[in-house]
Amino acid sequence: MNQKLPKAYDPSLIEEKWSNFWVKERIFSVPTPRDAAGIRPFVQLLPPPNVTGRLHMGHMLNQTEMDILTRWHRMTGATAVWVPGTDHAGIATQMMVERQLVAEGKSRTDFTRQTFTDRVWAWKQQYGSAITDQMRRLGASVDWSREYFTMDDRLSHAVKEAFVRLWEQGLIYRGAYIVNWDPVLGTAVSDLEVESEERAGHLYHIRYPLADGSGSIVVATTRPETMLGDTAVAVNPADERYRHLVGKMLLLPLAGRQIPILADDWAQPEFGTGAVKVTPAHDPNDFAIGQRHQLPSLSIMDQQARIELEGSPYHGLDRFEARRRMVADLESAGLLVAVKDHTLTLPISQRTGAIIEPRLSMQWFLAVHQGPKDGGDSIAANATAAVRQGHIQFTPEMYSKVYFEWMNNIHDWCISRQLWWGHRIPAWHCAACSEINVARQAPAACRRCGGTELVQETDVLDTWFSSGLLPFTVFNWTGDPDADRANPDLAAFYPTQLLVTGFDILFFWVARMIMLGCHFMLQAPNPDGSRRELKDAVPFRQVYIHALVRDADRQKMSKTKGNVIDPIEIITRYGTDAVRFTLASQASPGTDIAFHESRTEGYRAFANKIWNAARFLQMNLDRAQQAGYRISLCGHDSVSLELPQNTPLETRWIFSRLSAVAETVARALAAYRFDEASSAIYQFFWGEFCDWYLELVKLRLNFDVAHNDLTALTLNALAGVFESALRLLSPFMPFLTEELWHALYASVGSPSPAVSIALTRYPQAEDFAADEAAVREMNTLQELIVAVRALRKDMGAPEKEAVPIRLHAGAAVAALAQANAEMLARLARVSGLELSTAALTGAGTRSTAAFDVAVLYERQVDAAAERERLTRELARLNKGLEAAEKQLNNQGFIARAPAHIVEGLRKQHAETLALRQKAEAALAALPPA
RNA sequence: GGGCGGAUAGCUCAGCCGGUUAGAGCGCCUGCCUUACAAGCAGGAUGUCGGGGGUUCGAGUCCCUCUCUGCCCA
């Protein structure tokens with residue numbers, strides 16, 4: 001019945017078993033609650049990885065943090081829902097499939113839209129779950145029954161609904177604007193998807209002759225190829241050099257059109273020649289000038305950024321080829337005045353690395369500064385207020401500043417993409433009258449002219465539009481106030497409690513969720529029918545922004561650098577629990593994590609330590625059973641707050657420590673201090689439970705004699721503390737603790753009280769008896785033991801040989817030492833204790849504030865080493881005394897510092913003084929060097 | 001150019017609302033195969049808290065400034 005645990009911890013033997021178990025048994029599935037008001041929800045949305053993605057360290061950190069919090073809250077009785085899903089990732093996925101086609105010698109244009117998207121779906125079916133499969137190995141306690149894909153019917157329906165509503169509210173509009181055009185992808189991309197890069201380039205000075213032949217003006221430009229689209233030349237109104245030319249017409253070289261010279265502040269006199277060409281269709285600033293002066297916009301490039309100008313000799317040329325040709329032509333025409341080196345900042349597409357072409361094109365936009373037609377504040381106003389008013393809190397707090405900064409400068413959001421893969425915009429263009437019919441279903445006839453020839457919009461929505469809706473769409477939001485009010489999932493789980501994510505998607509995703517969440521949910525009534533306020537419309541109440549995982553040299557991981565650490569590979573070598581603990585132990589808000597494998601090695605050793613503690617326990621439980629003891633273990637009830645009268649010191653102590661650690665962990669986790677929480681548990685488990693408690697219980701467990709109370713009591717305490725410690729640790733190391741927890745119950749011969757440790761109660765400070773006196777006494781004994789061990793070492797006493805000691809101390813400490821002679825014998829190999837009324841100094845002694853102790857061992861100490869040690873000690877003490885005296889002699893300090901600080905310092909000063917005397921005496925007693 | 005961080009032991013990082021002589025892990029040195037664990041046990045060494053100035057009875061902690069360094073936005 002009792003399976004022996006293997007001698008060494010081997011994660012590969014247990015992790016797969018439990019991750020399968022958790023999924024198969026649906027341990028973390030949360031049904032829709034009947035009574036939303038009766039639960040304490042802890043709801044989080046997993047930042048959905050792209051279907052094209054592979055798990056990286058960032059995911060692992062993110063999921064480790066989310067999982068620790070989820071498991072912790074779940075164990076404290078919350079209804080913990082963690083919703084997983086994947087994102088269709090428009091551009092990334094389409095690129096992935098297109099690349100596949102290229103390998104087959106085909107291209108997207110060989111397919112119809114339908115057959116292409118069918119192919120993407122097929123790809124998704126086959127490869128799309130790679131990342132969620134990897135996730136299962138991390139032990140993430142997500143609710144798989146709620147898993148979604150952003151293009152599921154359910155979510156697509158909601159996306160369509162959201163779009164139509166925004167359109168009806170007048171917040172979505174269509175228009176020709178300058179957008180960031182990626183000529184490789186053939187689509188517009190948002191500002192966020194554009195990076196800027198400095199590159200060496202040229203500034204071309206080109207002469208534009210006046211139409212009347214009376215002279216010319218020289219313009220400076222970095223992009224001569226766009227001159228075919230020029231519709232003006234601008235000079236600064238204050239620029240004396242050109243004032244007389246304003247209003248005159250120019251003859252545009254290479255095009256032969258006439259364009260005006262106008263005055264506009266945008267032209268900076270000190271840049272280039274002070275005269276700039278204006279190309280409204282190919283430059284955002286020029287576009288603005290064009291608007292101010294009602295200039296025509298002349299688009300001269302196609303979707304691949306080739307010159308598109310019928311009849312022009314440059315027609316069909318790539319933009320950079322066109323530049324070369326045009327510069328050459330200008331030169332031969334004598335119009336190229338100068339070419340100067342110039343560093344220019346180029347917009348680069350994040351996806352493809354292509355140089356973005358600002359391009360005038362028809363796009364769909366979401367208005368962020370405008371109130372909806374049916375009343376209410378603008379999207380940006382609500383999103384700003386939600387954070388400003390504290391309904392959403394950022395950790396680290398600093399990120400709220402970043403958020404405001406962005407929100408204050410936000411522009412209307414270009415939500416259309418010229419792709420095939422994504423949510424198609426629900427709009428139909430009337431062939432007859434060009435009316436745009438936005439509708440939930442394909443309309444039969446145009447609403448304006450009744451025409452029946454309707455063509456659906458070909459654009460799809462930006463991926464972030466649909467993911468921005470997730471906090472409510474995953475809970476089946478419909479947009480219909482009555483239906484939404486009656487929706488039990490929405491009632492129970494919205495707003496979600498927390499979002500854990502990286503700063504890289506703060507604007508892409510976090511901000512969009514706040515924008516869309518506040519906007520839509522303000523319109524959804526509360527479950528009781530009352531009007532929803534902003535504080536309950538927010539998509540989440542807390543945002544925790546985690547750090548970046550870097551390599552051991554603090555370098556950002558990147559494919560090109562080749563320093564990417566694959567979490568699966570590390571997990572395979574060290575086990576998931578050890579990797580999770582590594583990340584947790586370094587996860588402190590606002591600090592990047594340098595991932596050192598040596599640390600993971602250390603935490604695997606920790607896991608092994610726990611494993612062996614379990615083996616020790618199992619061994620003793622076996623013996624106990626053979627000896628006829630019955631051990632009862634029943635979750636946290638096994639630990640009694642009332643310890644029996646005869647409970648030995650170390651047991652009173654360990655329960656006190658357990659209580660304190662539970663407190664520390666709770667406080668740390670509430671503040672996202674994963675590092676503090678994990679270090680407190682580590683310290684407790686290894687430094688206190690294993691190093692001290694397990695050694696001490698060996699004194700109490702006695703199976704050679706008939707049944708005795710002390711053994712029984714100790715066994716119960718030992719098992720109870722261990723069981724509690726496993727629960728304490730389980731959010732951090734779910735696999736190991738699950739395995740050992742079940743094994744522990746098996747050893748006791750009783751069924752586990754829950755199918756999983758994850759469903760038990762999290763240890764709380766008040767679950768354990770705290771005993772201040774026991775902690776103090778134990779600390780004194782620890783000090784004494786450490787002092788004796790050190791002395792033994794100094795004097796060269798062999799490890800195995802027991803040695804007597806002499807102790808000088810106050811009555812209480814002396815009595816404590818006498819009462820615990822066994823402890824001293826066991827842990828410091830003390831063979832006998834002799835009390836001394838006189839203070840002890842000289843070779844072979846050590847002193848603390850509480851006692852002097854001497855090891856009675858014949859061999860002479862190494863006088864030189866001892867002198868060195870004492871000298872160091874003396875220096876340390878003097879430093880302390882100096883600092884203390886400086887303050888104590890300071891009248892200001894005595895007068896102004898709080899009494900307990902002054903008193904504490906005095907006491908310490910007195911103690912240090914005594915220690916110094918002893919050290920001096922010891923030094924003097926040494927034979928001369 | 002604007003904004004936000006960081007600099008503490010050899011390395012990676014903690015150090016709260018200022019309060020007594022600054023901590024952890026890894027690494028390093030020494031001794032131990034003490035039957036739970038050598039992935040272990042025990043003992044030990046290591047810091048002008050980036051420089052300078054200020055506030056304060058008191059500064060690693062608050063303020064100013066400089067140096068170095070990282071990130072975000074334009």
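Every chain is numbered from 1 and lettered A, B, ... according to where its sequence line falls, protein lines coming before strand lines.
Across all strands shown, A:Ala897 has heavy atoms under 4.0 Å from base atoms, whether or not it also approaches the sugar-phosphate. Using a 4.0 Å heavy-atom cutoff across all strands shown, A:Val786 reaches sugar-phosphate atoms only and no base atom. At a threshold of 4.0 angstrom between heavy atoms, the contacts of A:Asn409 with the nucleic acid are absent. Using a 4.0 Å heavy-atom distance criterion, A:Arg906 is classed as making no nucleic acid contact. Using a 4.0 Å heavy-atom cutoff across all strands shown, A:Ser598 reaches sugar-phosphate atoms only and no base atom. If you check every strand for non-hydrogen atoms under 4.0 Å, A:Tyr682 touches sugar and phosphate atoms only. No engagement by A:Glu405 is indicated, since no non-hydrogen atom pair under 4.0 Å with the nucleic acid exists. At a threshold of 4.0 angstrom between heavy atoms, the contacts of A:Pro396 with the nucleic acid are absent. Contacts of A:Ile894 with the nucleic acid, taken as non-hydrogen atoms under 4.0 Å apart, are absent. Among the atoms of the strands shown, none is found under 4.0 Å from any heavy atom of A:Lys907.
Atom CZ in A:Arg789 sits roughly 13 Å away from atom C1' in B:C32 (whole-Å rounding). Look at CD on A:Glu397: it is 16 Å from C1' on B:C16, rounded to the nearest Å. Following rounding to the nearest Å, A:Leu740 (CG) and B:C37 (C1') show an atom-to-atom distance of 13 Å. Distance NZ (A:Lys800) to C1' (B:U35): 12 Å, rounded to an integer number of Å. Atom P of nucleotide B:C73 and atom CG of A:Asn408 are separated by 16 Å, given to the nearest angstrom. In this structure, CD1 of A:Ile545 is placed 18 Å from P of B:C4, rounded to the nearest angstrom. Following rounding to the nearest Å, A:Phe893 (CZ) and B:G18 (P) show an atom-to-atom distance of 16 Å. Between A:Trp406 atom CH2 and B:C4 atom P the separation is 19 Å, expressed in whole Å.
Between the side chains of A:Glu65 and A:Tyr672, no donor-acceptor pair of N or O atoms lies under 3.5 Å. No hydrogens or angles considered: a donor-acceptor pair under 3.5 Å links the side chains of A:Trp741 and A:Glu723. Under 3.5 Å, the side chains of A:Ser12 and A:Glu15 contain no donor-acceptor pair of N or O atoms. Side chains of A:Tyr693 and A:Thr651: a donor on one and an acceptor on the other come within 3.5 Å.
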Hey, mind stepping through A:Lys793 and A:Glu799 against salt bridge (charged side-chain N to carboxylate O under 4.0 Å, His left out) and telling me if it holds?
CA-CA 8 Å; A:Lys793 199 85 138 185; A:Glu799 299 259 347; 3.6 Å; yes
Could you please spell out the steps behind the side chain to side chain donor-acceptor pair (under 3.5 Å) verdict for A:Asn779 and A:Arg776?
CA-CA 5 Å; A:Asn779 286 346; A:Arg776 265 198 314 275; over 6 Å; no
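To the nearest whole angstrom, the two P atoms, one in B:C4 and one in B:C64, are 11 Å apart. Nucleotides B:G54 and B:G60, compared at atom P, are 15 Å apart to the nearest Å. A distance of about 9 Å separates the C1' atoms of B:G47 and B:A22, rounded to the whole Å. Between the C1' atoms of B:G5 and B:U48, the separation comes to 26 Å (whole Å). A gap of 23 Å separates the P atoms of B:U46 and B:C41, to the nearest Å. Separating the C1' atom of B:C17 from that of B:G58 is a span of 15 Å, rounded to the nearest Å. Spacing of P atoms, B:C33 relative to B:C16, comes out at 44 Å, to the nearest Å. Annotation: B:A74 and B:C28 have their C1' atoms spaced 49 Å apart (nearest Å).
The partner of B:A22, taking Watson-Crick or G-U wobble pairs whose two distances both stay under 3.5 Å, does not exist in any strand shown. The partner of B:C41 is B:G31, judged by Watson-Crick or G-U wobble contacts that both fall below 3.5 Å. Under the Watson-Crick and G-U wobble criteria, each requiring two contacts below 3.5 Å, nucleotide B:G1 is paired to B:C73. Across all strands shown, B:U67 forms a Watson-Crick or G-U wobble pair, both distances under 3.5 Å, with B:A7. In this structure B:C49 sits in no base pair that meets the Watson-Crick or G-U test at under 3.5 Å.
Checking B:A24, B:G43, B:A42 against the side-chain heavy atoms of A:Gln683 singles out B:A24 as nearest. Residue A:Pro898 has its side chain nearest to B:G19 when only B:A36, B:G19, B:C41 are considered. The nucleotide whose nearest atom lies closest to any side-chain atom of A:His596 is, among B:G19, B:U12, B:C72, B:U12. Listed nucleotides B:G19, B:A36, B:U34 differ in distance to A:Arg829; the shortest reach to its side chain belongs to B:U34. With B:U12, B:C32, B:A39 as the choices, the nucleotide that has an atom nearest any side-chain atom of A:Glu799 turns out to be B:C32. Among the nucleotides B:A36, B:G19, B:G44, the one closest to any side-chain atom of A:Phe616 is B:A36. Counting only heavy atoms from C-beta on, A:Tyr9 has its side chain closest to B:A39 among B:U12, B:A39, B:G19. When distances run from any side-chain atom of A:Ala613 to the nucleotides B:G19, B:C11, B:A36, the shortest one goes to B:A36. Residue A:Phe507 places its side chain closer to B:C72 than to any other of B:C72, B:C11, B:A39.
Across A:Leu715 and A:Leu621, no two heavy atoms sit closer than the pair CD2-CD2, 4.2 Å.
For A:Arg615 and B:G40, the shortest distance from a side-chain N or O to OP1 or OP2 is not below 4.0 Å. For B:C32, neither phosphate oxygen OP1 nor OP2 lies less than 4.0 angstrom from any side-chain nitrogen or oxygen of A:Lys793. In terms of phosphate contacts, A:Lys698 brings no side-chain nitrogen or oxygen within less than 4.0 Å of OP1 or OP2 of B:U34. Within the structure, every side-chain polar atom (N or O) of A:Trp686 is placed at least 4.0 Å from both OP1 and OP2 of B:A39.
Using bins of under 30°, 30° to 60° and over 60° for the plane-to-plane angle, the ring pair A:Phe606/A:Phe581 lands in the tilted bin.
Applying the 90° cutoff around 0 to the glycosidic angle, B:C17 is assigned syn.
A salt bridge links A:Glu695 with A:Lys698; the closest basic N to acidic carboxylate O contact falls under 4.0 Å. We find that A:Glu357 and A:Arg223 are joined by a salt bridge, their nearest charged nitrogen and carboxylate oxygen being less than 4.0 Å apart.
The base of B:U21 is paired with the side chain of A:Gln908 by a donor and an acceptor separated by under 3.5 Å. Between the side chain of A:Lys609 and the base of B:C37, at least one donor-acceptor pair of N or O atoms lies under 3.5 Å. Taking 3.5 Å as the limit, the base of B:A36 and the side chain of A:Glu695 contain a donor-acceptor pair of atoms between them.
Nearer to the 5' terminus of RNA chain B, by closest-nucleotide assignment, is the contact made by A:Thr912 (compared with the other of A:Thr912 and A:Gly602). For the pair A:Leu877 and A:Asp10, both in contact range of RNA chain B, the more 5′-proximal nearest nucleotide belongs to A:Leu877.
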